[in-house]
Amino acid sequence: MDKFRIVGGTPLSGELPVSGSKNSALPALAACLLTDEPVELGRIPGVKDIATMQSLLEYTGARVERRAGTVTVHAKHLERAEAPYDVVKTMRASSLVLGPLVARTGSARVSMPGGCAIGARPINMHVTALEQLGATIEQSHGYVEARAPEGLRGANVSFDRITVTGTEDVLMAAVLAKGETVIRNAAREPEVKDLAALLNKMGAKIEGAGTSIVRIKGVEKLRGAEHEIIPDRIEAGTFVLAAAISQGDVVVSNCQPEHVAALTVKMQRAGAEVDETQAGALRVRCSGRPKAVDMTTEEYPGFATDLQAQYMAWMTVAHGITFVTETIFENRFMHALELARMGANIRIEGRQAIVAGEQRLMGAQVQASDLRASASLVLAALVATGETTIDRVYHMDRGYERIEQKLAAVGANIQRVGETMRVGAEV
Ligand code: EPZ
């Protein structure tokens with residue numbers, strides 16, 4: 001199993017380019033199942049979750065070709081409208097094929113995701129919404145089976161709470177339903193907006209994506225299209241924090257600064273200089289320890305839960321006490337225990353982490369528990385004195401493209417050891 005070995009203490013300097021968004025690419029790839037024509041998607045990141053989605057599309061009978069960052073999917077004939085357990089257990093976002101498969105073929109069989117390191121993460125809201133669109137759903141033997149032999153019909157869907165992939169799943173089902181669907185309390189994340197932009201290029205009629213009310217007029221058929229995925233805002237945020245925690249001077253390029261505004265505003269209050277020096281780039285400078293600034297995760301445009309762990313890593317070396325409140329997932333503080341092994345002073349009280357800033361962290365052997373937790377350990381290691389070894393970096397490979405190469409290029413002393421795969425070149 002691969003590990004990262006990091007020796008901290010070098011301020012990062014140079015340019016960190018951001019890849020395409022994993023969480024935008026996943027639903028975009030699932031959306032390719034909605035048409036029998038080829039769809040070409042640009043800026044698809046070379047990360048493990050994308051490789052998993054590619055296998056899933058191929059399992060259904062779609063042809064998938066990758067050339068550099070461009071992936072073409074041709075789902076001319078679908079042989080199996082199914083997402084098997086073996087795939088879903090490694091990537092929960094596989095449930096994103098439920099909506100498109102039932103919309104295109106009239107049936108879908110998708111394994112139910114089990115528990116997850118960060119919370120229970122059920123898909124009950126996806127299921128209820130698809131029932132409202134007229135699908136008959138049965139849950140047995142660990143699978144959700146959806147049937148709509150006569151096709152789906154438009155409906156009013158109102159989510160009890162905001163769900164990102166739930167909104168995306170319903171959007172992909174509703175585009176081929178008869179009549180109009182209105183989604184209320186829809187997720188406003190940029191990834192939802194990006195998916196709607198792709199679907200509209202394919203001939204869908206969607207209005208309001210990116211707001212909490214989305215209207216979809218169903219069409220009979222979708223066509224092929226070309227689309228470029230948005231930059232990954234979570235990778236951008238991770239890099240901005242890497243620059244600050246290392247007390248460096250870095251330009252984070254190929255990003256959309258407004259997508260990380262909730263983070264950068266806090267960082268400015270904490271003492272970092274973050275400037276949009278040119279379109280699509282943020283220059284980050286930080287010359288000392290930050291001031292403690294409290295943070296609560298929220299749905300977009302609030303502070304992303306996917307950046308909570310990385311922000312907490314920065315606050316472990318702040319002047320003062322930071323209250324970090326996690327409102328989206330019930331168990332997303334696993335990184336706190338590992339950060340404590342590096343000398344961080346963190347107390348967890350329910351959904352709140354109370355972080356008393358320390359003057360310094362110390363390198364240690366730690367292990368990653370999930371994707372963003374691993375990113376927080378890398379950030380902590382960049383500022384820690386001495387050597388840190390991070391085990392289970394396969395979590396990191398699920399969502400960050402060649403992170404060790406990107407960080408090494410701006411001066412980080414980071415190495416992958418026991419390398420068994422090169423995800424960036426794969427997929
Ligand atoms: C998406 O997950 C992202 N994944 C996650 O990114 C991200 O953390 C999350 O949104 C929140 O922003 C992808 O886009 C592929 P939710 P998703 O449905 O859609 C509860 C990363 O690190 N809920 O918005 O699965 C749920 O348990 C990841 O890249 C239900 O109760 O999240 C959670 O508490 C991890 N029932 C809350 O809603 C449901 O049917 C929000 O979850 C669905 C969700």
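Model, not experiment: these values are computed from the prediction. Heavy atoms only: backbone and side chains are in, while hydrogens, waters and symmetry mates are out. In listed order, ligands and their atoms are each counted from 1.
- Remark: ligand 1 atoms within the under-4.0 Å shell around heavy atoms of A93 are 15 (C).
- Applying the 4.0 Å criterion to heavy atoms of L371 picks out, from ligand 1, the atoms 22 (O), 29 (O).
- The protein heavy-atom contact nearest to atom 5 (C) of ligand 1 is D306 OD2, 3.8 Å.
- Under the 4.0 angstrom criterion for non-hydrogen atoms, I234 is not in contact with ligand 1.
- With hydrogens and angles disregarded, no donor-acceptor distance shorter than 3.5 Å links the side chain of R416 to the backbone of E404.
- Contact annotation: for M125 versus ligand 1, heavy atoms closer than 4.0 Å belong to both the backbone and the side chain.
- Of all the heavy atoms of E299, none lies under 4.0 Å from any atom of ligand 1, so neither backbone nor side chain is involved.
- When non-hydrogen atoms are compared, ligand 1 lies under 4.0 Å from the backbone of V164 as well as from its side chain.
- A donor-acceptor distance shorter than 3.5 angstrom exists from the side chain of K406 to the backbone of P17, with no hydrogens or angles considered.
- Residue R92 does not touch ligand 1, judged by heavy-atom distances below 4.0 Å.
- Residue, atom and distance of the protein heavy atom nearest to atom 39 (C) of ligand 1 are P122 O, 3.0 Å.
- Although no hydrogens or angles enter the test, the distance criterion places a donor-acceptor pair under 3.5 Å between the side chain of R80 and the main chain of Y59.
- Every atom of ligand 1 is numbered from 1 in the order shown, and the set under 4.0 Å from a heavy atom of I162 is 24 (O), 41 (C).
- Less than 4.0 angstrom separates some heavy atom of T305 from each of these atoms of ligand 1: 8 (O), 11 (C), 12 (O).
- Between E189 and ligand 1, no N or O atom pair is found at a separation short of 3.5 Å.
- Close approach of ligand 1 to H126 is summarised as follows: ligand atoms under 4.0 Å from at least one heavy atom of the residue are 40 (O).
- Side-chain N or O atoms of H74 include one that pairs as donor or acceptor with a backbone N or O of D36 at under 3.5 Å.
- Using a cut-off of 4.0 Å between Lys/Arg side-chain N and Asp/Glu carboxylate O, K22 and E235 are scored as not salt-bridged.
- Remark: the backbone N or O of E226 is not paired with any side-chain donor or acceptor of E40 at under 3.5 angstrom.
- Minimum interatomic distance between P45 and I50 (heavy atoms only, all atoms of both residues): O-CG1, 3.5 Å.
- Among all non-hydrogen protein atoms, the one lying nearest atom 26 (C) of ligand 1 is F329 CE2, 4.1 Å.
- In this structure, the protein non-hydrogen atom closest to atom 27 (O) of ligand 1 is R121 CA, 3.4 Å.
- Without hydrogens or angle criteria, T165 side chain to A93 main chain gives no donor-acceptor distance under 3.5 Å.
- For the residues T128, T165, T163, the heavy atom positioned nearest atom 19 (O) of ligand 1 is part of T165.
- What sits closest to atom 29 (O) of ligand 1 on the protein, heavy atoms only, is R372 NH2, 2.7 Å.
- Residue, atom and distance of the protein heavy atom nearest to atom 35 (C) of ligand 1 are R332 NH2, 3.7 Å.
- Between D397 and K48 there is no salt bridge, since none of the side-chain N atoms of the basic residue sits less than 4.0 Å from a carboxylate O of the acidic one.
- Under 3.5 Å, the side chains of R372 and T238 contain no donor-acceptor pair of N or O atoms.
- For atom 20 (C) of ligand 1, the choice among E168, M91, R161 with the nearest heavy atom turns out to be R161.
- Atoms of ligand 1 lying under 4.0 Å from at least one heavy atom of I123, given by number and element, are 39 (C), 40 (O).
- Of the protein's non-hydrogen atoms, I328 O, 2.6 Å is the one closest to atom 34 (O) of ligand 1.
- Between D306 and R332 a salt bridge is recorded (basic side-chain N to carboxylate O distance below 4.0 Å).
- In terms of protein heavy atoms, atom 15 (C) of ligand 1 is closest to N23 OD1, 3.4 Å.
- Contact annotation: for N124 versus ligand 1, heavy atoms closer than 4.0 Å belong to both the backbone and the side chain.
- Between the side chain of D194 and the backbone N or O of S24, no donor-acceptor pair lies under 3.5 Å.
- Neither the backbone nor the side chain of E235 has a heavy atom within less than 4.0 Å of ligand 1.
- Between the side chain of R351 and the backbone N or O of T327 there is at least one donor-acceptor pair closer than 3.5 Å.
- Salt bridge R392/E338: absent, no basic N to carboxylate O contact under 4.0 Å.
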